[in-house]
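So the structure is just underneath, and the comments pick up after that.
In what follows, chains carry the letters A, B, and so on, assigned in the order in which the sequence lines appear, proteins first and then strands, with residues in each chain numbered from 1. Values reported hereafter were calculated over all heavy atoms of this structure, with side chains retained and with hydrogens, waters and symmetry mates removed.
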Amino acid sequence: MPLNDQQQARLEKIRELRAQGVDPYPPRSSRTLAAADAVTRFVEVEPHLGGQPDPEPVTVAGRVVSIRDMGGSVFSHIRDGSGSIQLFLRRDTLGAEQLAWFKRYVDLNDFVEADGHLFRTRSGEISLQVTALRLLSKAINPPPDKWHGLTDVETRYRQRYVDLMTNPATRQVFVTRALVIRAIRRYLDERGFLEVETPTLQPVYGGAAARPFTTYYHALDQTFYLRISDELYLKRLIVGGYDRVYEICKDFRNEGIDARHNPEFTMLEFYVAYADYYDIMKMCEELIVFTAQEALGTLLLSWGPHMIDLTPPWPRISFREALLRYTGIDFLTVTDQPTLYRLARELGADVRPDTVWPRILDELLKTFVRPELIQPTFVYDYPVALSPLAKRKPEDPRLVERFQLFVGGLELANAYTELNDPLDQFYRFLEQARDRMRGDEEAMPIDEDYINALMYGMPPTGGFGLGIDRLIMLFTNRQTIREVILFPQLRSKPEPLGLTEDLQPYLDLVPGIHDPLAGEDFPVEANSG
RNA sequence: GGGCUGGUAGCUCAACUGGCAGAGCAGCGGACUUUUAAUCCGCGGGCUGUGGGUUCGAGUCCCACCCGGCCUACCA
């Protein structure tokens, strides 16, 4: 597929510029003010100017995002990271030759810098009366539709750079994302937490129920796994004597991709010695409220058709009550699988005759409870079989001290009083091993070293995990996790963009290259992105 | 994995029951010295996702495949 007419025209302009001795990609800019700062400056000095342009020369720079050619004058907006400013290129000011040069060689998407004087146009827009203009970087690809922007979802994800340069809303999502993560760090740092880094490549995976990605470590001649969780490492650090640790990291789960799941996602986990799950619940509430205030400045969130109010305290409902309320089933009295299965089927839950008892409970929670929990809600005290790393409730060993936070129908956080009894932990691992033998690929393998760590003694500890991506979804009102991940996972395209072939005729435009390699018959292979 | 749905110009989208593949923006040429999606005149631009098939004739119908989206399943 050859380059299109617009790309060819722009490459020809590069050829002409090179021939004129103009570098289309100079190494430096001499910008003196960001676009937004230039506007601010003019607002400040304007009262003293008596309607005249600011006599102080300034230089602004940015991407050309619009050009309106009026003949003897041209209006053009340029945009940098701070914002945008209008350039006014006037034949009388710039000179006929420079104006013609601009019209001939500058296209949308190019980066330019302009010297000139700030002033206000008749229609009231603060602009730069341009006295000189230089090309900073020549763009070969034109921008998408100036009014609709780029809307094709696939292209938006595959070529996120185009999405970002076109759609301000997309840029804002990732600004919010950064603010959220910054606020989380601040909250934890101010409370004496130690930020740590634990292995991404793990010889034994654990801390969650999921299929891992597998890789091979040549130097060690051994199979490794990309972490599905950092939980077991962080608790080793509690054993080691740190009282408060946290890590924000990518976890990897080799599972389906949908609106709430990306195989590679960002998780916050923190652990607090001498705390239990009630303490953690309180911190969870504080952390999310703090983060919303810092990143959004409000506790009221639009979420699809709903308004979510994060004002604490958030309601707490036990797993048992929740199930009772939304399904009428009391799981503490329905302890046999066949009866639970029958009741679940009567409610219309998608369970099979061989679905094990705890999985049916989980299915009921997901189907009937979770979608109802739009306002922030803690569900607590889970059945032990669903939670192999959580401590049992002393007054009822069928339950564990665990809670999950649901907001907007999303499972946002998961926490428990950590199981620190090495023998009980060993027993839970054995149960997992049994499930594994029965074909549950997601059951955890036994981690002997972790048991060994617990055998050295771990203080009573509360632990917490938060899905950062889902929190960002909630804060930015995005219903798809892909919208809050810069480069979400997509299947590779079978045919590449074709640039490897198409660009070869233009290699002579690279300065200093006398032997362009293009004539050599090397295989045309490219990443498809 | 299953169901539904989509892929047409650089971008956003049309094209009835199978009958000459179109528009807007962008581009190219021209006019215009305060515009704001500038305006006006003119002109180019297509492997209709890929490969087969049916037909006098396929963007349209059939089959297979590729890549998306939604739902579902899986994801304690």
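- Along RNA chain B, the nucleotide nearest Leu150(A) and the nucleotide nearest Gln129(A) are compared for position; the residue whose nucleotide lies closer to the 5' end is Leu150(A).
- Side-chain contact between Lys103(A) and Asp69(A) is present, with at least one heavy-atom pair separated by less than 4.5 Å.
- Counting distance only, with no hydrogens placed and no angle test, the side-chain atoms of Asp5(A) and the base atoms of G27(B) include no donor-acceptor pair under 3.5 Å.
- Rounded to the nearest Å, the gap between the C1' atom of G46(B) and that of G27(B) is 15 Å.
- The side chain of Lys146(A) places no N or O atom within less than 4.0 Å of a non-bridging phosphate oxygen (OP1 or OP2) of A37(B).
- G30(B) and C13(B) are spaced 29 Å apart, taking the C1' atom of each and rounding to whole Å.
- If you check A9(B) for Watson-Crick or wobble pairing at under 3.5 angstrom, you find it has no partner at all.
- Relative to the side chain of Leu108(A), the nucleotides C25(B), A26(B), U35(B) differ in distance, and A26(B) lies closest.
- Put simply, the side chain of Asp152(A) and the base of G68(B) share no donor and acceptor less than 3.5 Å apart.
- Remark: the Gln86(A) side chain and the Arg68(A) side chain contain an N/O donor-acceptor pair separated by less than 3.5 Å.
- Within the 4.0 Å cut-off from OP1 or OP2 of G27(B), not a single side-chain nitrogen or oxygen of Lys103(A) is found.
- To the nearest whole angstrom, the two P atoms, one in G10(B) and one in C63(B), are 30 Å apart.
- Rounded to whole Å, the C1' atom of G53(B) lies 26 Å from the corresponding atom of G3(B).
- Between His148(A) and Gly72(A), the residue anchored closer to the 5' end of RNA chain B is His148(A), taking for each the nucleotide with the nearest heavy atom.
- Atom CG in Asn167(A) sits 6.0 Å away from atom CZ in Arg156(A) (nearest 0.5 Å).
- Between Asn254(A) atom CG and C74(B) atom P there is a gap of 17 Å when expressed in whole angstrom units.
- With rounding to whole Å, Ile257(A) atom CD1 is found 15 Å from C70(B) atom C1'.
- Side-chain proximity of Lys13(A) to the nucleotides C28(B), C32(B), U33(B) is greatest for C28(B).
- No N or O donor and acceptor, one from the side chain of Thr151(A) and one from the base of U12(B), sit under 3.5 Å apart.
- For Arg68(A) against U35(B), a side-chain-to-base donor-acceptor contact under 3.5 Å is present.
- One P atom belongs to C65(B), the other to G19(B), and the distance between them is 28 Å to the nearest Å.
- To the nearest angstrom, P of C75(B) lies 18 Å from CG of Leu410(A).
- Asp163(A) and Thr170(A) are linked by a side-chain donor-acceptor pair at a separation below 3.5 angstrom, with hydrogens and angles left out of the test.
- Each of C74(B), U33(B), A26(B) was ranked by its minimum atom distance to the side chain of Glu363(A); first place goes to C74(B).
- When distances run from any side-chain atom of Lys366(A) to the nucleotides C32(B), U36(B), C75(B), the shortest one goes to C75(B).
- With U36(B), G10(B), A37(B) as the choices, the nucleotide that has an atom nearest any side-chain atom of Gln6(A) turns out to be G10(B).
- Contact annotation for Phe88(A): base contact, defined as any heavy-atom pair under 4.0 Å involving a base atom.
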Practice task
Go through Phe403(A) and Phe378(A) one step at a time and tell me if the ring pair (Phe, Tyr, Trp, His ring centres under 6.0 Å) criterion holds.
Solution key: CA-CA 6 Å; Phe403(A) 74 83; Phe378(A) 291 113; 5.1 Å; yes
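- A37(B) is unpaired under the criterion used here, namely a Watson-Crick or G-U wobble arrangement in which both key atom distances are under 3.5 Å.
- Here Leu361(A) lies out of heavy-atom contact (under 4.0 Å) with every strand.
- Within the shown strands, G53(B) is the pairing partner of C61(B) under the Watson-Crick or G-U definition, both distances less than 3.5 Å.
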Handout entry: Pair Arg402(A)-Ser387(A), side chain to side chain donor-acceptor pair (under 3.5 Å): steps then yes or no
Key = CA-CA 8 Å; Arg402(A) 172 186 177 187; Ser387(A) 319; 2.8 Å; yes
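- Of the N and O atoms on the side chains of His77(A) and Glu125(A), at least one donor lies less than 3.5 Å from an acceptor on the other residue.
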Handout entry: Steps toward side chain to side chain donor-acceptor pair (under 3.5 Å) verdict (Gln159(A), Thr155(A))
Key = CA-CA 5 Å; Gln159(A) 302 180 26; Thr155(A) 311; 5.7 Å; no
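- Contact annotation for Pro143(A): no contact, since no heavy-atom pair falls under 4.0 Å across all strands.
- Looking only at atom types and distance, the side chain of Tyr416(A) has no donor-acceptor partner in the side chain of Glu418(A) under 3.5 Å away.
- Here A73(B) presents its P atom at 18 Å from CZ of Arg211(A), a figure rounded to the nearest Å.
- For the OP1/OP2 pair of C70(B) and a distance below 4.0 Å, the side-chain nitrogens and oxygens of Thr480(A) include at least one atom meeting the criterion.
- The distance between atom CZ of Arg91(A) and atom P of C32(B), rounded to the nearest whole Å, is 8 Å.
- When heavy atoms are screened at a 4.0 angstrom cut-off, Gln7(A) is found touching no nucleic acid atom at all.
- The distance from atom CZ of Arg10(A) to atom P of A26(B) is 12 Å, rounded to the nearest whole Å.
- Between Arg158(A) and G68(B) there is a side-chain N or O to OP1 or OP2 distance below 4.0 Å.
- For the P atoms, the distance from C74(B) to U50(B) is 37 Å, rounded to whole Å.
- Rounded to an integer number of Å, the gap from Gln8(A) CD to G45(B) P is 13 Å.
- If you check every strand for non-hydrogen atoms under 4.0 Å, Arg120(A) touches nothing.
- G1(B) and G44(B): their P atoms are spaced 47 Å apart (whole Å).
- The phosphate of C67(B) has OP1 or OP2 within less than 4.0 Å of a side-chain N or O from Arg491(A).
- Distance check on atom C1': A14(B) versus G7(B) gives 15 Å, rounded to whole Å.
- For Met70(A), taking side-chain heavy atoms from C-beta onward, the closest of the listed nucleotides C70(B), U33(B), G10(B) is U33(B).
- A donor-acceptor contact under 3.5 angstrom links the side-chain atoms of Gln86(A) to the base of U35(B).
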